[in-house]
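Reminder, nothing fancy here: chain letters follow the sequence lines and each chain counts from 1.
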There are 2 protein chains.
Amino acid sequence: MQNHSGRNLTYVIVHDLGRAIVKGHYDQHNPFPIEAALCTQYGASRSVLREAVKMLTAKGLLRARPRQGTWIEPEENWNLLDPDVLQWLLERKYSPQLLVEFTEMRLAFEPMAAALAAQRCQPEDIQNILAALDRMREAEKGNDDPLSSDIAFHVSILNACGNRFYAQLKGMINTALRISIRLTNQRKGVPLASIRDHKKVVDAIMARDPEAASEAMRALIVEAMMLIQQSKADELQKAASIGSSIKSAQ
Amino acid sequence: MQNHSGRNLTYVIVHDLGRAIVKGHYDQHNPFPIEAALCTQYGASRSVLREAVKMLTAKGLLRARPRQGTWIEPEENWNLLDPDVLQWLLERKYSPQLLVEFTEMRLAFEPMAAALAAQRCQPEDIQNILAALDRMREAEKGNDDPLSSDIAFHVSILNACGNRFYAQLKGMINTALRISIRLTNQRKGVPLASIRDHKKVVDAIMARDPEAASEAMRALIVEAMMLIQQSKADELQKAASIGSSIKSAQ
DNA sequence: ACAAGATTATTTATCATATAAATTTAGCAC
DNA sequence: GTGCTAAATTTATATGATAAATAATCTTGT
């Protein structure tokens, strides 16, 4: 990858503004700046700023009107399923709740994807799934990255289910798992989930058993959900203990 | 709605180009035009064209590089879950296959949404769901639009499940159902599905029974899927009969 | 003939400036 | 105060120029 898209000034500004917006940097007290102010802030021309704002508009984050200026759209209009938006959202610190909601989403479509894969995956899809499982085995031996191989496994199944919408979710799984692992404090070398549980999914798909594939996948995600819930609870408890220590110090 | 966003020249061009792209108007033989050509084609300034292209880039449809020009991204990179992109895609004639894939997607998350709603919806959510069901009853009597009330029903449940990602899918449901109804040749006044089957979902949610809610919702979508599959088969048969009549005429 | 390096050409990226359009706000007559 | 007019503000559009990236072409030496 030579000229990463992020090098263009426009894209740098898009990502910077995008992060600021989802972080809630702008509100009624601090409204979104007018074009001229943004130009000053970034030292860029109006063309660049307008193009950046238009990209964020296309993702549902902004809206502009003559004389009224540009403002943040209500959060329900953001395209959460846009890979950029999702990444900016999950990058916010302390967003375990959003991760829970995303995992609830995975709980809906990944078991279904496994079931569809069991019904109609092609030989090459099986090859890819088996290759991903092998990567996980290698990771367990320390010869591969556990996180990347786990992601590759889930992606291989989304690819195998022969549905373009499911395939779309690859980027989001990638983003969410990487953030998730950061939140749940997993470290390199620590297996994320057992090979055995993952293999159950593969076996069911190869046996052309949709029900079993679905159930095995569901078990994997429930496991992930429990890790997230746990760290969310830890987070809350930490906050509470800080709160009480402040209280007791008064 | 006073100044619909579509009135700006930029947005008109975005939608026009977006439709042309998903229709496959551009390919290796007919590559995407350079900026200057697009300006001529639309009689617009470079600023406007560049902003439109940037919006389509944000939706994953295009990519640009100096000297290399602008080109269509491979379809797997398109943000299918962007409401605009989905609409452009479904508007293409003869895209029952895409509708099938979308309905497979609904089959994953709508039953789950109903189950979540059963677990944790608030009193006002129940109110909204019941109101939507009432609209469907009125539609059956000819006092409301059957399609709109059906959509309102599904949306009310997505709103009730307390998950932002599920709520995101509202726009897509709206688009897909409207296109679906066009494809399956339903007419105004013809009920899309029975009130009784829809009421089963509501009853299960109000009884706080996630399993039953999920199953009742699944039944609704399976019904919709069968209608689509049927019209897809009709389409294929029609095409085949045209093909054979051409053949027999030779 | 051919490889290496320099030159040219093409296209997007960025900047700058000006005018138009939309719409709120302020001013003013009554 | 009410209703009309004028001014002010902000985005939308147009135009033209320069910079940057890189493919294509043209030297030049062997």
If you measure from the Lys or Arg side-chain nitrogens to the Asp or Glu carboxylate oxygens, is any gap between [X] and [Y] under 4.0 Å?
{"X": "Arg135(A)", "Y": "Glu138(A)", "result": "no"}
{"X": "Lys170(B)", "Y": "Glu110(B)", "result": "no"}
{"X": "Arg164(B)", "Y": "Glu76(A)", "result": "no"}

Without decimals, in angstroms, what is the distance between [X] [atom1] and [N] [atom2]?
{"X": "Asn8(A)", "N": "dT12(C)", "atom1": "CG", "atom2": "P", "value": "13 Å"}
{"X": "Glu51(B)", "N": "dT13(D)", "atom1": "CD", "atom2": "P", "value": "7 Å"}
{"X": "Ile13(A)", "N": "dA13(C)", "atom1": "CD1", "atom2": "P", "value": "13 Å"}

If you take the centroid of each ring, where Trp contributes its six-membered ring, are Phe109(B) and Phe109(A) closer together than 6.0 Å? no
Checking Arg120(B) against Glu104(A) for the salt bridge (Lys or Arg N to Asp or Glu O under 4.0 Å) test, could you report, in this order, the C-alpha distance in whole Å, the side-chain angles of both residues, the deciding distance, and whether it holds? CA-CA 14 Å; Arg120(B) 60 193 183 198; Glu104(A) 268 175 16; 2.7 Å; yes
Has the side chain of Arg67(A) got a donor or acceptor atom sitting under 3.5 Å from an opposite partner on the base of dA12(D)? no
hbond_proxy Ser47(B) side chain to dA14(D) base (donor-acceptor, 3.5 Å cutoff): yes
Name the closest nucleotide to the Arg46(B) side chain, picking from dC15(C), dA13(C), dT13(D). dA13(C)
Does a side-chain N or O of Gln68(A) approach OP1 or OP2 of dT11(D) to a distance below 4.0 Å, or not? no
Numerically ordered, the residues 34-42 of chain A set in heavy-atom contact under 4.0 Å with DNA chain D is Ile34(A), Glu35(A)
